[in-house]
Protein chains: 2
Amino acid sequence: MGSQPDEPIIATKRQQVVTIHDVARAAGVTIGTVSKALNGQGNLREETRERIRATADRLGFRPNDLAQSLLRGRSFTVGLLTTDSYGRFSIPLMTGIEDTLSDAQILVFFCDAHDDVARERRYIDSLLAKHVDGIIVTARRTDARPAVNVGNTNIPVLYAYTQVVEPDALSILPDDAQGARLATEHLLSHGRRHIAQVSGPQYFESVQLRMEGMRHALNEHGLDLPEHRILLGPWREAWGYQAASILLDTDSQLDAIFCGSDQIARGVIDALRERGVRIPDDIAVVGFDNWGVIAQATRPALTTVDMNLHELGQYAGSRLLAMIAGKKEPGIVRLPCSLVIRDSCGVHSVRNTEETERRGENKDEE
Amino acid sequence: MGSQPDEPIIATKRQQVVTIHDVARAAGVTIGTVSKALNGQGNLREETRERIRATADRLGFRPNDLAQSLLRGRSFTVGLLTTDSYGRFSIPLMTGIEDTLSDAQILVFFCDAHDDVARERRYIDSLLAKHVDGIIVTARRTDARPAVNVGNTNIPVLYAYTQVVEPDALSILPDDAQGARLATEHLLSHGRRHIAQVSGPQYFESVQLRMEGMRHALNEHGLDLPEHRILLGPWREAWGYQAASILLDTDSQLDAIFCGSDQIARGVIDALRERGVRIPDDIAVVGFDNWGVIAQATRPALTTVDMNLHELGQYAGSRLLAMIAGKKEPGIVRLPCSLVIRDSCGVHSVRNTEETERRGENKDEE
DNA sequence: TTGTAGGCGTTATCAC
DNA sequence: GTGATAACGCCTACAA
């Protein structure tokens, strides 16, 4: 009761955590012995080992990673540097990366540079100062970016869902061309022969690759992709809506549309339906991204290409682990896309599918 | 040329980074002097200070944060623990948090527990071992969750977009009731008197709060919210579509619908339009979330409540900073929502709006 | 079988 | 003004 004299005003600045010394003192041994006991090193009497172990968790001892890292020269941390966390692509990528790394007892620093070069530089410096074991760089789009400069360190850097021109860098990307081929072949296998493409701006590498992939698949079937069936515009639902109207007005033979994104596909589908076109009977539609909230909400539900970004992230994590272990094999790795078949192309086909519906991306919660 | 003898096969296991010793040797002083020179401590001749500084960045010296942290007992890192990174709500929250923390030179560990208790426990242990300065816990929904146990440490823990029953915990949440009031008052100010609500499952606290908020606003205008105008179902676009049909069939007086999410609102709007109802002339619609990709794609574009999660994250970051500095003020803080006015309620109103359109959430890129 | 001591890279407190 | 030295918490040879 009353005022407690001499109570420090400032909170104890130092965390009063229990250290190996406390354990040693409590167990009546020296710190060396404690270390050996807890790490299963050296030859200790099983009795002592057990006694020490007991006092350790009685005291709630937790070895200080900072000290260990300093000693080992490895921090068991990795930096994840993203230019901009738009979300749609970053999230599955991030969780994939983090999945494999956390299995390796590695914690991930999340660094969002907001497309700001100076900010990115500061992040890299911080990561280097914290002696991360590696850095994964990612982005909102797959196009090339400048390499990250880690100075005179030999910290491994890996690029995921983005790439770098440096020949000694490792970049991991989805195989856009293959994804487009998959979609096109699916449409062809459903008897479609007059297929248009509605996609994003030409200056995206992914747009070009998907166009090439589609063209390639058509050519293999003796078909071509005429200019008037290629409509490029912004990555927006409204563009899909508009493009579909244009196609309906100009191309009476059209029997399928391959869209560069699910957003565009949604606009396309809405426009078609409103103009009385039956989907897929009259015109079939394929999307790209397998963005659950969109692909499952279109009427009919959207058949679409999945870039498997979660798996891509997992793979990136494992490759970084390998690099940390010393194995550096630079290059550009493109991982296959798969096709998720729903109802916008007709009856379910079992062909041309590498995988069927993937782990539900739609959490039925807010 | 030819084989180089004695070249080590194993890559130097230890990062050959330049340390303060190297700088000291190169500059012909001792490490103490280097430390003082670089940190602006002590009384050094300006000449030596400059010379040391020069050799330091000639050598590319970078102080090792691990060593500093060990000494200071602070790591300048924070853990961000999320039960599940669905994305929609986590992303703005995360970037907000990270924004303020990175300004304080703090790096953020991203930990996605996948709704797995054991995994969460492992993460917490890792974070404690790494001596993070604090932990922010977040979730996919705002309902209460068990407190995080940090053992005998006094590491501050803060809950953002989730809450905890413990009286000494700090939880930061959006003010759902106020958001609902905002939306309702907006509709009332446009002359609407027969307003229904279509929302998510009742067991969500947010659903209940939004209902209360709406009822409160109606009551203040002498109106009530009859049971038949409350439709609760899954958080899905299809539910909105279905609910709108039900309302049209049963409630001829209806002139507005307040939706618990933008996804639901989109379903509602599509159903109304397809049934020939004019929006907003016949029925006005308000959403909740301001999810750009949806709210901007509805026709007409959706007026909706924004929970300002980025700002909420920023605020959470600043509160954690305060806690780290020793100021702990537990409680539940609810931050105001704002209304983003588009076209689904009629002509733009300047009243009843705390803020207008916020920083564009729609990046026009894939 | 256990204790001792050096060192990981810093910073801070003393001497000189 | 600058140099030594003791921490910070841990691990690991090596000594006893």
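With Leu158(A) as the partner, the side chain to side chain contact (heavy atoms under 4.5 Å, CB included) test is satisfied by one option alone out of Val148(A), Ile97(A), Ile136(A): Ile136(A).
Between Leu71(B) atom CG and dC8(D) atom P the separation is 9 Å, expressed in whole Å. As a whole-Å value, the separation of Gln41(A) CD from dT4(C) P is 20 Å. Between the CG atom of Asp22(A) and the C1' atom of dC8(D) there is a distance of 13 Å, rounded to whole Å.
Contact check, Gln68(A) against dG9(D): no side-chain N or O comes under 4.0 Å of OP1 or OP2. Under 4.0 angstrom from either OP1 or OP2 of dC10(D) there lies no side-chain N or O belonging to Arg72(A). Between Thr33(B) and dG3(D) there is a side-chain polar atom (N or O) within less than 4.0 angstrom of OP1 or OP2.
Among the heavy atoms of the strands lying under 4.0 Å from Thr30(A) is at least one base atom, whether or not backbone atoms are also near. Across all strands, Arg62(B) comes closer than 4.0 Å only to sugar-phosphate atoms, never to a base (heavy-atom distances). Across all strands, Ser35(A) comes closer than 4.0 Å to base atoms (heavy-atom distances). Using a 4.0 Å heavy-atom criterion, one finds that Asp65(B) contacts no nucleic acid atom at all. Using a 4.0 Å heavy-atom cutoff across all strands shown, Asn64(B) reaches sugar-phosphate atoms only and no base atom. Among the heavy atoms of the strands lying under 4.0 Å from Ile31(A) is at least one base atom, whether or not backbone atoms are also near.
A salt bridge links Asp125(B) with Arg121(B): the closest approach of a Lys/Arg side-chain nitrogen to an acidic carboxylate oxygen falls below 4.0 angstrom. Between Arg145(A) and Glu120(A) there is a salt bridge, since at least one side-chain N of the basic residue sits less than 4.0 Å from a carboxylate O of the acidic one.
Considering all non-hydrogen atoms of both residues, Ala67(A) and Leu70(B) come closest at CB-CD1, 3.9 Å.
Place Ile20(A) and Thr48(B) on DNA chain D by their nearest nucleotides, and Thr48(B) ends up nearer the 5' end.
For Pro63(B), the listed nucleotide lying nearest its side chain is dT10(C); candidates were dT10(C), dG9(D), dC11(D). Of the candidates dT11(C), dG9(C), dT2(C), the closest approach to any side-chain atom of Ala67(B) belongs to dG9(C). In this structure, of dC8(C), dT2(D), dT2(C), it is dT2(D) that holds the atom nearest to the side chain of Leu44(B).
To the nearest 0.5 Å, atom CD1 of residue Ile20(B) and atom CZ of residue Phe61(B) are 5.0 Å apart.
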